[in-house]
Amino acid sequence: MQTKPFAEMNLTEEVRRAVAAMGFENATQIQAESIPLIQAGQDVIGRSQTGTGKTLAFGIPAVELVDPKAREKCSPQVLVLCPTRELAVQAAEELQKLAAFKPGVRTVCVYGGAPMDRQIQQLKTAAIVVGTPGRVMDHMRRKTLRLQGIRLVVLDEADEMLSMGFREDIETILADTPEDRQTVLFSATMPPAILALTQQYQKNPRMVQVAKAQVTVDKIQQIYYEVPMGRKMNALALVLRYFHPNRAIVFCNTKKTVDEVKGYLTAHGFSADGLHGDMQQSQRNQVMESFKGGHTPILIATDVAARGIDVNDVDYVINYDLPQNPEYYVHRIGRTGRAGKSGCAVTLCAGRRQSAELQAIGRMCRSDIRHKALPSRAAVREEERKQGLMQIEKTIGELEGARPAMLEELLKRGHSAENVAAALLRLHFGPEPEPVEEIPAPAPQAARPRPAYAKLLIDAGRAQNIAPGHIMGAITGCTDLTGREIGKIEIFNDHTLVSVPADKAGKALEDMVGLKINRRPVVAALAEESASPRGEESRPFGRPGGKRPASHRNEGGREGYLPGFRGKGGRPRRSAAPRPHRKG
């Protein structure tokens with residue numbers, strides 16, 4: 001990812017000091033390209049993923065833009081809209097840090113679930129407001145937030161806001177801001193709805209785009225395990241015991257799954273908590289504080305709930321459910337490997353089909369996701385033993401040769417050093433952990449034998465306005481064949497070939513005597529060549545040409561008979577609709 005020193009950028013002294021205090025030296029690509037454009041008053045569309053520094057990209061020029069002397073009551077100068085409470089809180093905290101050395105620039109965060117009275121008081125002196133669309137609308141209706149002084153509007157994670165149904169709220173909010181405002185939009189994807197929004201509410205916007213290849217951090221190891229159906233919970237517990245993460249996020253696709261996984265892990269001795277949209281705001285805040293503080297090492301969350309999580313020392317991301325699209329995958333793995341640290345992204349795939357889907361996601365994200373076998377019972381126990389020894393050796397090193405007085409007392413009482421050590425190990429690590437359940441590798445899928453097919457020749461084609469649906473409906477209506485058994489249908493100008501199971505072709509021909517397609521009587525016979533299974537070739541319906549081959553005429557040249565079209569008794573049967581014979 002391209003970087004540029006903040007010292008070389010045109011920043012005010014107050015903001016430069018704040019950026020340095022936050023520990024940033026170099027601007028990321030999205031920051032280096034967006035900040036000058038926003039400073040110049042340009043409308044900007046920023047397309048980049050999580051973890052590229054978007055908050056500072058709009059936060060630095062936003063803080064510089066604010067004029068503390070030109071503030072109107074209850075009317076801020078900058079409005080930032082975010083899809084979730086967590087993301088709004090995170091953005092507000094970053095903006096407040098950027099304004100640390102600029103007196104009079106106060107940032108207020110407004111979101112649902114928090115006390116309204118406190119927000120009303122804070123809004124009276126707010127220069128920058130960060131909030132979710134729903135709560136911003138609430139304050140607008142109450143007249144506690146007026147937007148006539150807005151100079152800059154930022155739509156953060158715009159694609160996620162639209163997918164959550166906030167489009168009408170966003171349009172209402174933008175319509176209430178001055179027409180000469182500056183509008184900045186950041187989005188991971190650019191669906192048609194986003195493009196429509198930019199065309200309606202932005203003026204000649206400049207595009208800043210970070211390529212997907214630059215987003216996937218090289219320091220993130222990406223692996224996946226194939227898990228037998230119905231064994232994902234066991235596999236998750238096994239993986240957590242094997243890696244023993246200091247801090248990990250487990251991603252699920254639904255709120256129900258979050259609750260189920262949390263219940264399973266806590267019941268099996270893990271310190272874990274869940275985060276999703278149905279929780280009260282006080283609960284969500286408590287969960288996040290516990291996770292950020294390291295008190296709860298495992299957080300189970302949905303994609304939307306995890307949008308605002310910005311913790312630099314997450315060492316593992318585990319996809320319990322397969323991400324719904326490549327963008328979600330990039331968002332998820334971007335939670336680890338931050339601030340120059342290494343990380344690992346693990347995905348659990350139930351069966352070969354999910355493995356193939358994950359590989360497709362990896363190709364689209366240009367990610368190298370490698371397959372590994374699930375850790376064995378012996379590997380897990382060995383890893384736990386190593387972790388325990390590392391903790392003990394670390395503590396021994398911290399003793400620096402000093403022997404605690406309690407140890408001396410125990411030795412004087414006649415206890416051996418070995419027994420004292422064993423007792424201390426039991427106190428620290430607890431009893432021996434329950435045996436790890438061995439999870440077998442998914443059984444290889446047996447290759448299905450390809451059924452033998454035969455072709456039926458029907459004396460009707462495009463010239464008689466025959467379509468595949470007509471053929472399918474007519475045959476399934478008069479025979480024992482199902483739609484799944486009927487294979488390739490090849491429609492030519494005046495005949496059609498239909499692939500059916502070879503062992504059912506004879507019975508099907510008997511049942512098709514007197515068959516009508518499109519109210520026209522037709523004759524069917526067994527063609528000489530065998531057919532391929534369904535779906536191997538495209539149907540030639542609609543192709544040019546298709547004259548009846550000469551072999552489909554009888555020897556005398558009369559077109560009333562077709563060889564092989566035999567009725568009962570084995571005698572050739574005249575076609576039900578012969579063509580008129582012209583006299584010479």
Side-chain angles (χ1 to χ4, degrees), residues 223-225 227-276 279 283-284 286-302 305-306 309 311 313-321 332 335-336 343-348 350 372-395 421-440:
I223 61 177
Y224 74 94
Y225 297 113
V227 182
M229 299 295 291
R231 303 296 297 275
K232 267 195 176 182
M233 293 273 193
N234 310 103
L236 175 61
L238 186 147
V239 167
L240 289 171
R241 286 183 62 173
Y242 179 75
F243 288 114
H244 193 69
N246 293 319
R247 189 177 278 111
I249 302 177
V250 179
F251 280 98
C252 304
N253 289 346
T254 67
K255 303 168 188 176
K256 180 181 178 183
T257 308
V258 168
D259 291 334
E260 291 175 349
V261 172
K262 174 193 170 184
Y264 179 87
L265 291 181
T266 53
H268 286 76
F270 294 93
S271 177
D273 217 333
L275 186 71
H276 57 68
M279 298 168 61
Q283 292 177 292
R284 295 168 69 151
Q286 183 178 356
V287 169
M288 282 305 305
E289 289 300 320
S290 180
F291 181 66
K292 288 182 177 180
H295 306 297
T296 305
I298 302 171
L299 179 68
I300 309 137
T302 57
I309 298 175
V311 182
D313 52 354
V314 173
D315 45 357
Y316 283 89
V317 165
I318 300 176
N319 296 309
Y320 180 82
D321 288 326
R332 290 181 179 185
R335 301 299 167 186
T336 186
C344 183
V346 179
T347 303
L348 303 180
K372 286 191 175 183
L374 273 170
S376 65
R377 178 186 303 183
V380 173
R381 295 302 299 272
E382 177 63 19
E383 192 62 32
E384 290 178 334
R385 188 185 68 83
K386 289 181 180 178
Q387 292 289 337
L389 290 175
M390 287 175 58
Q391 294 183 37
I392 295 171
E393 289 180 341
K394 180 181 178 182
T395 305
L424 292 175
L425 287 173
R426 172 67 65 90
L427 286 173
H428 181 74
F429 293 106
E432 287 291 323
E434 60 185 62
V436 178
E437 184 178 4
E438 199 79 64
I439 300 178

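By the side-chain hydrogen bond (donor to acceptor under 3.5 Å, both in side chains) test, S271 is found to be paired with no residue, residues two or more places apart in sequence or in another chain being considered. The ring pair (Phe, Tyr, Trp, His ring centres under 6.0 Å) check on Y224 picks up H371, with sequence neighbours excluded. By the ring pair (Phe, Tyr, Trp, His ring centres under 6.0 Å) test, F243 is found to be paired with Y316, residues two or more places apart in sequence or in another chain being considered. Listed by chain and number, the residues in a side-chain contact (heavy atoms from CB on, under 4.5 Å) with E289 amount to none (sequence neighbours excluded). When the side-chain contact (heavy atoms from CB on, under 4.5 Å) test is applied to E260, the partners found at least two apart in sequence or on another chain are M233, K256. Residues passing the side-chain contact (heavy atoms from CB on, under 4.5 Å) test with T257 are C252, T254, V261, Y320, D321, sequence neighbours excluded.
Taking every heavy atom of both residues into account, T302 and K255 meet most closely at CG2-N, 3.9 Å. The minimum heavy-atom distance between Y264 and A237, with the atom names listed, is CE2-CB, 4.0 Å. Nearest heavy atoms, L240 versus P245: O-CD, 3.5 Å. Nearest heavy-atom pair across R335 and V314 is O-CB, 3.4 Å. Across every non-hydrogen atom of T336 and C344, the tightest pair is OG1-N, 3.8 Å. Between P375 and V380 the shortest heavy-atom distance is CB-CG2, 4.1 Å.
Put simply, CD1 on I318 and CG on L299 are 11.5 Å apart, with the number rounded to the nearest 0.5 Å. The CG atom of N234 lies 7.0 Å from the NE2 atom of H268; values are rounded to the nearest 0.5 Å. The line from CZ of F291 to OG1 of T296 is 9.0 Å long, rounded to the nearest 0.5 Å. Interatomic distance, L236 CG to Y225 OH, rounded to the nearest 0.5 Å: 11.5 Å. How far CD1 of I300 is from CD1 of I249: 11.0 Å, rounded to the nearest 0.5 Å. To the nearest 0.5 Å, the span separating CZ on R332 from OG1 on T347 amounts to 8.0 Å.
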Under the criterion side chain to side chain contact (heavy atoms under 4.5 Å, CB included), I'd like the reasoning laid out for D313 against N246: C-alpha separation, chi angles, the key distance, then a yes or no. CA-CA 8 Å; D313 52 354; N246 293 319; over 6 Å; no

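The closest donor-acceptor contact from the side chain of R247 to the backbone of K292 lies under 3.5 Å.
Taking 4.0 Å as the cut-off between side-chain N and carboxylate O, K262 and D273 count as a salt-bridged pair.
Residue Q286 qualifies as open at atom CD: its count of foreign heavy atoms under 6.0 Å is 12 or below.
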